[in-house]
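Sequential numbering from 1 along the given sequence is applied to the chain's residues.
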Amino acid sequence: MSVSETLNSGPPEAVPAPDPSRGGAYGPHGGTSPAPAGAGDPHATAGDAPRGTRNTLVLLALSAVTNLADGIAKIALPLLATRLTGSPGLISLVALTLTLPWLLLSLPVGVLVDRADRRRLLWLANGIRLLAVGGLLHAVLTDSLALHTLFVAGAALGVAEVIAQTSESALIPAVVPRAGRERANAWITGVETAANEFCGPMIGGLLLAAGTALALGTTWVAYLSACLLLLLLTGRFRAATGSPDPVGGPDPVGGPGASGAAASAGSSPALLGELTEGLRFLWRSRLLRTMSLILTVLCASWGAWLALMPLVAKELLALSPQEYGIVLSALGVGGLAGTLTVTWVNRLLGRRWAMFADLLGTLAMMAVPALTTQVWAVATAAFLGGMGGTLWTVNARLISQNVVPDALMGRYSSAARLLTWGGMPVGAALIGVLAEWLGTRAAFLLFALAVAGTVWPFLRNVTRTELNRAESSGTHRTGTGQNGTDRSRAGLAEDA
């Protein structure tokens, strides 16, 4: 699923009341006014606000160009695969290469993000993207494109995405002051959705119709622009070393704490301990654990949908690349609608039921292709899935940024995405096998049943009490401005 970091994992709006979403949490109706700039932030300075605004705008532009390029690549690689083979398994394998790195590399990349300069890691990620897309472009121009070329390029783009998404989610709390983070998260989520799931696929379909080389060349230029935009960021790009280590202390969202799980800040714990620190932090909380496991099923379903839909569009719906791009863009239109309405939905229903909408939207996405080949019905279901996904993501990011310290952000985000976005390659691989054995409609139906199975765990564990407790945990943590040492915000798997 494009998603869809996210995935991963790990992992928004200026909302009044708390209640979680793809990783976030709070209670249904009551709300509070946004805190004034600097409130609860004893280290904030007068220069933080303008610097935060500048960095927010840079991050918005960076997110726009990279997600636009990702959206084009997301439609280009599977469609190129359909030109080389008609096998559902092989086409799904191309999609699998784009998401498998989340399953294999999330934890070590999280450790790297907490140790290294996060802006340099973003440069590294975009450099890998330039090489991968450049290689594909060369293969197209020399008429030497083959399935193994798509596999290698897809894997390289997948690795780059793990590095980029984990680094960027950890960078936001470091370069944007606390008072501006809700707005920054909402704007960035909206741009991600519009570019990756709406404009990217639509433009990708049009560019592919005009010429494969044109589509890949446009993607390459977008990634190059991202490298240049990173020069405009100001502030600190490494994790704060003075952040207290929560692992081994009380659970930030109400679960039982685990004692002695890690060394204190400033020490050098064994690499294995560092790799699992974020995972232990997440797993101690019943709320975060439940949301992550539910999201694993949802992300697996998105991965399955995105992997098999190119073949469905070509063989069952008889769509051209342009028409398929438009159908895929319904995801983005729904996501954009979610971004524009999330504040209103949270006020009307509360975060809990806003999050629940994602379960219903994903259920519709998987069930409709199993029941009908009407293009309008498939597109409508995609719209509902995209809207629900954004409602979850926006709320999820805010709750995780409330409770995770800066020194643990990379590892926590990668752990959440391991459990969530890591489900995407599993879903992509599984639906390919199921479609080969049982047919595409039966494969979609089985995934729809799996999504329906998440309803009871959600209602039982993602309660208003747990969401309010998570909000209270974030409220009582001490945050800092650009130069402080104790940051209590990080990104949950969007993407979770």
Side-chain angles (χ1 to χ4, degrees), residues 1-9 62-82 84 90-106 108-109 112 121-140 145-169 192 195-197 200-201 203-204 207-208 212-213 215-227 230 299 302-303 306-307 310 328 414 417 421-422 424-425 427-429 494-495:
M1 113 192 176
S2 162
V3 151
S4 7
E5 146 133 80
T6 253
L7 29 166
N8 126 216
S9 255
L62 177 69
S63 181
V65 295
T66 55
N67 278 281
L68 182 65
D70 289 344
I72 296 174
K74 175 176 61 183
I75 187 176
L77 266 67
L79 283 179
L80 287 174
T82 64
L84 301 173
L90 290 175
I91 293 171
S92 297
L93 189 57
V94 172
L96 175 66
T97 62
L98 290 166
T99 53
L100 186 61
W102 282 109
L103 196 60
L104 302 179
L105 300 177
S106 287
V109 167
L112 181 64
L121 290 176
L122 285 169
W123 271 320
L124 172 64
N126 284 301
I128 295 173
R129 286 162 162 167
L130 288 171
L131 290 174
V133 175
L136 274 178
L137 181 58
H138 177 267
V140 168
L145 185 67
L147 274 176
H148 69 267
T149 310
L150 293 177
F151 294 152
V152 173
L157 290 172
V159 170
E161 184 181 36
V162 175
I163 298 172
Q165 292 283 1
T166 306
S167 300
E168 187 175 351
S169 65
E192 287 175 352
N196 193 299
E197 298 176 4
I203 294 173
L207 290 176
L208 282 172
T212 303
L216 294 175
T218 301
T219 305
W220 193 91
V221 170
Y223 287 138
L224 178 63
S225 300
C227 292
L230 286 168
C299 286
W302 278 66
L306 288 168
L328 196 59
S414 63
R417 285 171 170 152
W421 289 11
M424 293 179 66
E494 300 38 66
D495 326 274

Between CE of Met424 and CG of Leu100, what distance do you get to the nearest 0.5 Å?
11.5 Å
If you take all heavy atoms of Ala155 and Pro101, which pair is closest and at what distance?
O-CG, 3.9 Å
Quick check: does any side chain N or O of Thr149 sit under 3.5 Å from a backbone N or O of Leu145, one acting as donor and the other as acceptor?
no
Atom pair CG (Leu122) and CD (Gln165), whose distance is rounded to the nearest 0.5 Å
9.5 Å
Rounded distance (nearest 0.5 Å) linking atom CG of Leu68 with atom OH of Tyr223
9.5 Å
In this structure, CG of Leu216 is separated from CG of Leu136 (nearest 0.5 Å) by 5.5 Å
Minimal heavy-atom distance between Thr66 and Leu62, with the atoms involved, is OG1-O, 2.8 Å
Is there a donor-acceptor pair closer than 3.5 Å between any side-chain N or O of Trp102 and the backbone N or O of Val162?
no
Leu84 to Ala146 - nearest heavy-atom pair and separation:
CD1-C, 3.7 Å
Would you say the side chain of Leu77 lies within less than 4.5 Å of the side chain of Thr97, judging by non-hydrogen atoms?
no
About how many Å separate NZ of Lys74 and CG of Leu157, when rounded to the nearest 0.5 Å?
13.0 Å
Correct closest heavy-atom pair for Leu79 and Leu208 would be CD1-CD1, 3.8 Å
Could you tell me if the side chain of Trp220 sits less than 4.5 Å from the side chain of Leu137, heavy atoms only?
no
For the side-chain contact (heavy atoms from CB on, under 4.5 Å) test, which of Leu90, Ile91, Leu80 pairs with Leu147?
Leu90
What pair of heavy atoms forms the shortest contact from Pro78 to Pro310, and how long is it?
CB-CG, 3.6 Å
Are side-chain heavy atoms of Asn126 and Cys227 found at a separation under 4.5 Å?
yes
Report yes if the side chains of Arg129 and Asp70 come closer than 4.5 Å at any heavy-atom pair, otherwise no.
yes
Give the minimum heavy-atom separation between Asn67 and Ser63, together with the two atoms involved.
ND2-O, 2.8 Å
Reported CG-to-CD1 distance for the pair Leu207 and Ile72, which is rounded to 0.5 angstrom:
5.5 Å
